[in-house]
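Data block below; observations after.
All residue numbers in this chain count up from 1 along the given sequence.
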Amino acid sequence: MTENDNIKRSKGKFDPVRETRDWSMAASEDYCKRIARKTGRRLIEIIETEDDLLPVVCIFEDYKDE
């Protein structure tokens, strides 16, 4: 997407063992946004892995209490 939504976007390999942040696999960027909305978390990064089955990794963080 081209909108300015402050989500970092990158491409490449993803190592689930080394990733310490909260993450989920998805079929598309839209699904990442749906997961974030339904779970009440903020989507901070989208990694396109170019794998066949689930090509997108969504990285989340909890909203900070204000």
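At a threshold of 4.5 Å between side-chain heavy atoms, the hydrophobic network of Ile, Leu, Val, Met, Phe, Trp and Tyr places Tyr31 and Ile44 in two separate groups. Both Ile47 and Leu53 are part of a single hydrophobic cluster, where members link through side-chain heavy atoms under 4.5 Å apart.
Atoms CZ and SG, on Arg41 and Cys32 in that order, are 10.5 Å from each other to the nearest 0.5 Å. Considering CD of Glu29 and CD of Glu48, their distance stands at 7.5 Å, rounded to 0.5 Å. Atom CZ of residue Phe60 and atom CZ of residue Arg21 lie 11.5 Å apart, to the nearest 0.5 angstrom. The distance from atom CG of Leu43 to atom CD1 of Ile59, rounded to the nearest 0.5 Å, is 9.0 Å.
Using modelled atom types and a 3.5 Å distance limit, the side chains of Ser10 and Glu45 yield a donor-acceptor pair.
Taking every heavy atom of both residues into account, Ile35 and Ala26 meet most closely at CD1-CB, 4.4 Å. Minimum heavy-atom separation, Thr49 to Val56: OG1-N, 4.3 Å.
Here the side chains of Trp23 and Cys58 are not in contact, with every heavy-atom distance at 4.5 Å or above. Contact annotation: the side chain of Lys33 approaches that of Asp5 to within less than 4.5 Å [non-hydrogen atoms, C-beta and beyond]. Counting only heavy atoms from C-beta outward, the side chains of Lys11 and Glu50 approach each other to under 4.5 Å.
Around the CG atom of Asp15, the shell of radius 6.0 Å holds more than 12 heavy atoms that belong to other residues, nucleotides or ligands. More than 12 non-hydrogen atoms from other residues, nucleotides or ligands lie less than 6.0 angstrom from CZ of Phe14.
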